[in-house]
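Report on the structure given below.
Side chains included, hydrogens not; waters and symmetry mates left out as well; all remaining heavy atoms used.
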There are 2 protein chains.
Amino acid sequence: MGRWEPDARGRLERSALELYAERGFDQTTVAEIARRAGLTERTFFRHFADKREVLFHGSHALEELLVDAVAGAPDTAAPMDAIATALDVAGGMFEERREFARRRNAVVAAHAELRERELIKLASLAASLAGALRGRGVAEPAASLAAEAGIAVFKIAFERWAGDADGPDLPRLMRESLDELRAVTAGA
Amino acid sequence: MGRWEPDARGRLERSALELYAERGFDQTTVAEIARRAGLTERTFFRHFADKREVLFHGSHALEELLVDAVAGAPDTAAPMDAIATALDVAGGMFEERREFARRRNAVVAAHAELRERELIKLASLAASLAGALRGRGVAEPAASLAAEAGIAVFKIAFERWAGDADGPDLPRLMRESLDELRAVTAGA
DNA sequence: GTCACGATGTCAGTGACTGTCATGCGGCTA
DNA sequence: TAGCCGCATGACAGTCACTGACATCGTGAC
């Protein structure tokens, strides 16, 4: 055992989510988060670039997962089908963490600065997915457009999922939304 | 003539853009922006909610313009055709302000916090466009999906336009990107 | 002429974030 | 076993974004 309690980063993440949910993002100081985690403010900023980032540590893992899904889709799959594979994986991942995902989303949705951070994470995800599509031989701008369309589907399906605890599961909402997008963009 | 020089807000906007371009966003303090505009830091924050917002004052006007375009599209137009009308209007607007738009975009693209703000403005625009589509009788989630797809087209066309000063004009890139999106989402 | 109004200035305060140096446990090496 | 080093954390001072409260003073209504 080390000199300190283990998992400082995890303690900070949990303390931050609790406090943001209890009092709101603005009414929580970094010093309070650190104190609840048994650490100091300075240590918080060694683990997270800013007060928002503490809620977004998982986004990198999600990005890797989805990039792998796109890269691993059958060679014969069309670009949007590769994206659909990734959306399925994402839906499964969130469905496994229903409680946490919904609690975290409520906090993020309640504050504009946190929504901003969420949007730039999604933009980064779109860029990575576009890269994965290019790796499959898809040209620009088709790769970026397919990736952005996939993120649009993700956003809308996720929003509906988070807002209706008794509705369909997320993978299903993803598939329905993708079908809806195909319908609405069809035709000249 | 008033007690003060006129157009304080405009002076602040111009001073900010100049300084962000000259030294970078981080290396510019609000006090410096205000001093160059002949005002004080406190006055800056009376006009703009924060240091980033000074670059995004125009986004509200853009939003109104595009909402009107969607609302004013022919009754017979399909959802994506109404969106296409709005994209055409947007393309024209930026094309009229080529120089300014490109200079401003270079500043925004250079700093993650500014890109975040841009993304939330685009998300707000998407929400307004979805509202305009609902006003035309389009149901959810089709309205939101069409709006988000339109924003995806806008983002990618704008990026190509900003990155290639000698390329096609923006309305043309918008139309090409929309056609690409239709092609990539087509098929089951 | 008076008076309310509105845009700005002044000043003090909070809190996010950073740079720098100190501390002490665990492991490595002689 | 002794000395040393790396690494996670603490302590502390400093900058700057942003806010609240109050003062100032041309302008226009009456």
Side-chain angles (χ1 to χ4, degrees), chain A residues 1-57 107-108 110-118 120-121, chain B residues 1-57 107-108 110-118 120-121:
Chain A
M1 210 178 55
R3 176 181 175 190
W4 296 279
E5 291 297 307
D7 195 23
R9 177 183 295 253
R11 272 149 51 214
L12 287 168
E13 284 174 357
R14 287 186 292 276
S15 302
L17 181 58
E18 287 169 16
L19 284 166
Y20 293 169
E22 286 170 18
R23 327 185 178 168
F25 181 78
D26 279 336
Q27 282 62 51
T28 303
T29 70
V30 173
E32 287 166 344
I33 298 169
R35 194 173 334 122
R36 182 172 291 205
L39 295 163
T40 63
E41 195 182 354
R42 192 66 186 88
T43 297
F44 178 97
F45 287 109
R46 285 204 181 88
H47 284 280
F48 303 103
D50 60 48
K51 192 184 167 185
R52 289 172 266 171
E53 196 66 17
V54 67
L55 292 183
F56 295 90
H57 183 234
V107 170
V108 171
H111 203 286
E113 284 185 47
L114 294 171
R115 286 202 303 277
E116 280 188 350
R117 181 57 53 85
E118 182 118 296
I120 208 170
K121 296 294 182 184
Chain B
M1 209 176 53
R3 178 178 173 192
W4 295 278
E5 291 297 307
D7 196 23
R9 177 181 296 254
R11 273 147 52 213
L12 286 167
E13 284 174 357
R14 287 186 290 277
S15 301
L17 181 58
E18 287 168 17
L19 284 165
Y20 293 168
E22 286 169 18
R23 328 184 177 166
F25 180 78
D26 279 336
Q27 282 62 50
T28 302
T29 69
V30 172
E32 287 167 343
I33 297 168
R35 193 173 334 122
R36 182 173 292 204
L39 294 163
T40 62
E41 194 182 356
R42 191 66 185 84
T43 297
F44 178 97
F45 286 109
R46 286 204 181 88
H47 284 280
F48 304 102
D50 60 48
K51 192 184 168 186
R52 289 172 265 171
E53 196 65 18
V54 66
L55 292 183
F56 295 89
H57 181 233
V107 170
V108 171
H111 201 285
E113 285 186 46
L114 294 172
R115 286 202 304 277
E116 281 188 348
R117 181 57 51 87
E118 182 118 297
I120 207 169
K121 296 293 183 185

Applying salt bridge (Lys or Arg N to Asp or Glu O under 4.0 Å) to A:Lys51 and not counting sequence neighbours gives none
Note: B:Gly38 and B:Arg11 closest approach over all heavy atoms is O-NH2, 4.0 Å
Here the distance between atom C1' of D:dG10 and atom CZ of A:Phe44, to the nearest Å, is 17 Å
Taken to the nearest whole Å, CZ/B:Arg42 to C1'/C:dC11 is 11 Å
Determine: side-chain N/O of A:Thr43 to OP1/OP2 of D:dT9, distance under 4.0 Å, yes or no. no
- prompt: Is the closest side-chain heavy-atom distance between B:Val108 and B:Phe56 below 4.5 Å?
  reply: yes
For B:Ala16 and B:Val54, the nearest pair of non-hydrogen atoms, with its separation, is CB-CG1, 3.7 Å
dist B:Thr43:OG1 -> B:Trp4:CH2 (nearest 0.5 Å) comes out at 9.0 Å
(message) If you compare every side-chain N and O of B:Thr29 against the phosphate oxygens of D:dC16 (OP1, OP2), does one of them come in below 4.0 Å?
(response) no
From CG of A:Asp50 across to P of C:dT18 the rounded distance in Å is 8 Å
With the side chain defined as heavy atoms from C-beta on, A:Glu41 is closest, among D:dT9, C:dA16, D:dA17, to C:dA16
Of the candidates D:dC25, C:dG24, C:dA16, the side chain of A:Arg3 sits closest to C:dG24
To the nearest angstrom, the CZ-C1' distance between A:Arg35 and C:dG15 comes to 13 Å
From CD of B:Glu113 across to P of D:dC16 the rounded distance in Å is 15 Å
Would you say a side-chain N or O of B:Thr40 is under 4.0 Å from OP1 or OP2 of C:dG9?
-> yes
From CZ of A:Arg46 across to C1' of C:dA22 the rounded distance in Å is 11 Å
B:Glu5 CD to C:dT8 P, in whole Å, measures 11 Å
From CZ of A:Phe45 across to C1' of C:dG19 the rounded distance in Å is 14 Å
- Considering just the side-chain nitrogens and oxygens of A:His47, establish if one lies under 4.0 Å of OP1 or OP2 belonging to D:dA8. no
